[in-house]
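The structure appears right after this line, and notes come after that.
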Amino acid sequence: MARRKLGIVLFSLPAIALVSIFVYVFVGQSINLSFTDWRFARPIHWIGFDNYIRLFTLDRGFQTSLINTVKLTVFFIGLTIPLGLGLAILLDLGVKGRGFFRTIYLIPLSFSFVVSSVMWMWSFLPESGTINTILRTIGLSCLAQPWITSTSQSLWSVGIVYIWQFSGFATLVYYTGIASVNPELSEAAVIDGATTWQKYRHVIIPQQKPATVTILILTLMYSLKCFDLVWLMTGGGPGYSSEVLATYMYKVTFNQNKFGYGASIGIVLVVLSMGVVGLFLHYMRRGEHG
Amino acid sequence: MVERFLAFGKPRFLIYGLLIFMSFLYLLPLYGLINTSFKTSKGIASGPITPVDHLYFGAYKKAFSSLKRPLINTSIIVVGATVLSTTLGAMTGYVFSKFKFKGSEVIFFLIVLGFYLPYQSILIPLVRFMGTVHLFNTYFGLILTHTAYGMPITTLLFRNYYASIPNELLDSASVDGCTFFSAFTKIMLPLSLPGFAVVGIFQFANIWNDYLFGLTLTQGVQAQPVTVAVANLKGTMTAVWNVQMAGAMIASLPIILVYIFLLKLVVKGLLMGSIKG
Amino acid sequence: MHQRTRRIGIFVVAFLLCVGLSNLVALASSEYTDQLVIYHWWTAGGEKIAVDSIFDVFKAAYPNIEVVENPITGGGGGTMRAQIKTMIMAGNPPDTFQVCGGKGMLGSYIDVLDPVDDFWDEYFPVPEAIKESVTINGHQYGIPINVMRANMLFYNKHIIDELNISVPFETLDDFYAACDRIKAAGYIPLAHGVGSGAKYWWTLMFDSILLAVPHGGPEYLESLYAGTANPANDPAIREALEAMKTIAENYINSDYAARTDDMANNLVVNGEAAFWQSGTWGKGFFTSKGSVPLVDFDAMAFPGNTEYYMCHSDCFVLPKGAKHPNAARAWLEIFKTPGAEIGFCTAHGSTVIRTDIPVGGFDDMAQKFIEEYRDPNLRKVASPWGGPPEVYLSLMSDALSVFGERLNVERTIQDYARAYAEVFE
């Protein structure tokens, strides 16, 4: 028993220590900063909750970026999960060259945001970009869009790039999940007369809950924290149409030199994540006991 | 019905068709990238879509000479951080998936929550801390940073993965005399192969493509990662797209090789796991 | 099992090697007695060749100082400045860094900089206006190496000659008339690109227009940068917004939000567009793509700006608390010399700042730029990169980029005034 206690402490201590320092101690300093009006190279004053009050009542940029972040999250998660699951099922149906396809779908993940932002900027150009040029060549020029040049489409265009970059990993996670389903279960279903479609729908897919929760947590992280792609492709524009929480925070902190105010935006982001992640973990735990 | 279709091979075409179509969509944006990497500086003006008339390798030569040291730097940092964070993640995931103690749920929640920290908000304390422990601009400093920020996701992934391994396996093992540690090494680890591979792929790609920490915690080319170096292949008031795109290709090749290797491990591990029954 | 243990063993060994190697890195730099930690944003192309030429001079003069160079690209220098702020506030300032010279920009950093008066007291033949632009409260805070005119309009010479358009444009109305003719001939009049988050090109256009409108002009622009203007009520702002609306509605390419600045330049190089607003640094965009100065392309003052030389310089500064102040001072000393300037400006395409440098060594277009700089009849005005406080560029660009979409003058006057108040609060 003592051995077990020692084991628990020893095995979990590194993680706890690292996360305590690199996350919670640093966040503590950030929280402290969020109660001040500190700007770069200026004296610092304690102002209590003023930053937070201003965020939620006066700051239109913040409110816009919050709404955009929520929109992007729903779009990104709503499309990545079905896409990842669908591709994983297709692969599981027993095609030759599975490894080849899996590798191809992972290739988008191998590019840093610096590069994928440029690639997609070129693809999205309305006149001379890859997408619209191909659409026009095959006669579908009615589908050609303004993409990131329009205020109504810029956010969704950035969402498409995120889906492109991460759905391959979702496919991998789902594929692993599907392949680890107990084969006896699916064989039993077939013997009972289930068609392929029914086999998937009633046996395999319901078993993917842990995989789905994992992907939900991952995609939620990317959409809540998403910064690089938006910053490098649109800078939050045109106007404020693709401004998200993380880009707004960066602008306020580093371009407007308001480090105290920017810290408060960061804390809002953390608290927001707290609520959503808490829900997920609760859901996951209930699923395990069921 | 579906069975009959499958036997006749017609929907096979549909399946292959869909998979190939998706592959095409995934690879489409790379056209501009690859195309531009073979252009001369004069050719850039024609835009990213116009195809090159002849392959020019000068951009690749130039990019490679700037990226030699950063490639080595990133390799060291990524291997170090991936190995460390994956191993620690397996250990921590083991604890939180199989053992319930007072406060374990809260601690686990707090660890996973760390995944959602916006890194821009902790840059200043991070730099200060690195300076204090004399790890600023060192390989180990970056390895430690990436490991720390990788702990939430590796712990979560492993915990989920281990949760699907039935507890009866461990119970029967402890009856047979296995301790905490030997249960880990003799039972959990051998079954972890797909877990290590999937987590490994994720961490590898994540850390290889990190820009923010690489920029903030290094000075000069000593420890500069390749992402920062590739970003700098573009000028601020000039644009040298061909060299930067060539650099991007060079920087992403190693990861693709790692994918192929690690994916083989995934398959192997799944095959082994399916025997468990 | 054994194969897997072997694999795990390999990983562990590899990891230990990595950790071990990290200590070796620190030992590498032991042959130097001093270090210069320097940050700039001249990362590639002609800029890199230019700054490397100064490093060569520096390393030859001071072989015992190790140069730890940190080029950081992005955001027109903004990413580098973000890193600088992080370093300074974490207590680890660099030894020197690049900044655009100007009262407002330097004023934003003044609390963390040491004055450099002694460099200016020694012989440094630079016009009084430039010295004034780096002087705050009687002390100088930056050493400039070059000067760049920001209010220029580059043009495709073939199109202009073909349509027989007379340049430069004394007024905005002349410009509109020419644009109408260019548009009728099937070309895009003005190529514009604010893609990849570079919204500040709107601000450059707006501030240049401010110099040209009836109620605007250099005194107004100076008051704007100093914080004493009243944009909510000043007629100049309204006039400038109307002008920008005319231009945005009729004369620019429709995909400006996706095109980067350099891709807008492509349009002129390829003969699809006639004009492109840029500063003297724009010359390098053309020449790197094979365009010949004065043959394929040329440059003139922005419409209505023929009497004003809107400019800023690239300066280096002396941060407080730097770890190697002697190395930094050595750098600033080299930076001042004619040799450094000539080498830098030839590759960079900017204009040498010392008035005692002969113009003979530069190409025809560069000589033209130098003559404009040294012309006492052209009034020197600060540019948005140097004149106003650092946050001006980001805040005003956001307001103006919204205008670029909606073209609603009334609404934008309010947005602009609000942003302006934030800059100076």
Side-chain angles (χ1 to χ4, degrees), chain A residues 29 33 37-44 58-61 64 114 117-118 120-129 132 145-154 157 228-243 247-248 250-259 261-262, chain C residues 73-76 78-86 88-89 107-113 188 193-200 202 253-260 263 266-267 270 272 320 389-395 397-406 412 415 418-419 422-423 425:
Chain A
Q29 300 186 11
L33 199 54
D37 69 347
W38 194 31
R39 308 221 185 166
F40 178 66
R42 299 239 198 128
I44 187 170
L58 282 179
D59 198 336
R60 266 193 335 200
T64 313
V114 171
S117 63
V118 175
W120 276 92
M121 238 172 32
W122 287 345
S123 308
F124 278 139
L125 284 172
E127 307 292 319
S128 49
N132 284 0
Q145 305 291 334
W147 306 115
I148 56 177
T149 62
S150 104
T151 45
S152 51
Q153 291 188 351
S154 56
S157 308
D228 301 85
L229 267 182
V230 178
W231 188 252
L232 293 172
M233 272 177 62
T234 65
Y240 282 112
S241 55
S242 57
E243 191 84 60
T247 55
Y248 189 65
Y250 184 89
K251 247 189 224 176
V252 164
T253 311
F254 290 108
N255 286 0
Q256 298 173 19
N257 288 342
K258 295 185 197 149
F259 282 82
Y261 192 54
Chain C
T73 186
T79 315
M80 188 222 78
R81 288 196 297 269
Q83 177 66 9
I84 297 290
K85 289 173 209 171
T86 306
I88 290 180
M89 292 198 300
S108 302
Y109 284 85
I110 196 172
D111 282 359
V112 297
L113 295 181
I188 302 171
V194 293
S196 197
K199 297 179 190 167
Y200 39 81
W202 283 120
N253 47 308
S254 57
D255 57 355
Y256 58 83
R259 266 186 202 269
T260 56
M263 287 162 75
N266 284 349
L267 289 173
N270 293 333
E272 295 169 60
K320 280 192 182 138
E390 186 188 7
V391 302
Y392 175 91
L393 208 53
S394 163
L395 282 165
S397 306
D398 274 341
L400 288 172
S401 117
V402 177
F403 178 69
E405 290 315 300
R406 312 246 179 80
T412 305
D415 287 344
R418 204 176 310 129
E422 262 200 80
V423 173
E425 69 182 355

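Here is how names work: the chains are called A, B, and so on, in the same order as the sequence lines, proteins then strands, and each is numbered from 1. Values below: every heavy atom of this structure, side chains too, minus hydrogens, waters and symmetry copies.
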Between C/I88 and chain A, which part of the residue has a heavy atom less than 4.5 Å away: side chain, backbone, both or neither? side chain
Set of side chain to side chain donor-acceptor pair (under 3.5 Å) partners for A/Q153, sequence neighbours left out: A/Q145
Between C/T260 and chain A, with a heavy-atom cut-off of 4.5 Å, which part of the residue counts as in contact: side chain, backbone, both or neither? side chain
Taking NZ, NE, NH1 and NH2 as the nitrogens, is one of them in A/R60 or A/E243 under 4.0 Å from a carboxylate oxygen of the other? no
Where on A/S150 is there a heavy atom nearer than 4.5 Å to chain C: the side chain, the backbone, both, or neither? neither
Engaged part of A/W38 at the chain C interface, taking heavy atoms whose separation is under 4.5 Å: side chain
Output the option from C/V423, C/D255, C/V194 having the highest count of non-hydrogen pairs under 4.5 Å with chain A. C/D255
Under 4.5 Å from any heavy atom of chain C, what part of A/M121 do you find: side chain, backbone, both or neither? side chain
Where on C/N266 is there a heavy atom nearer than 4.5 Å to chain A: the side chain, the backbone, both, or neither? neither
Any side-chain heavy-atom pair from C/N253 and A/E127 closer than 4.5 angstrom? no
Do the two ring centres, one from A/F254 and one from A/F40, sit under 6.0 Å apart? no
C/R259 versus chain A, the contacting section by heavy-atom distance below 4.5 Å: both
In a check of side chain to side chain donor-acceptor pair (under 3.5 Å) between A/T234 and each of A/S242, A/S157, A/S117, which one passes? A/S242
Side chain, backbone, both or neither: which part of A/W147 has a heavy atom under 4.5 Å from chain C? neither
Can you give me the closest heavy-atom contact between A/D37 and A/I44, atom names plus distance? OD1-C, 3.9 Å
Residue, of A/I148, A/L232, A/V114, A/T247, that accumulates the most heavy atom pairs under 4.5 Å with chain C: A/L232
Atom CZ of residue position C/R418 - does it have more than 12 heavy atoms of other residues, nucleotides or ligands inside 6.0 Å? yes
Under 4.5 Å from a heavy atom of chain A, the part of C/K199 involved: side chain
Residues at least two apart in sequence or cross-chain that pass side chain to side chain donor-acceptor pair (under 3.5 Å) with A/Y240, listed by chain then number, are none
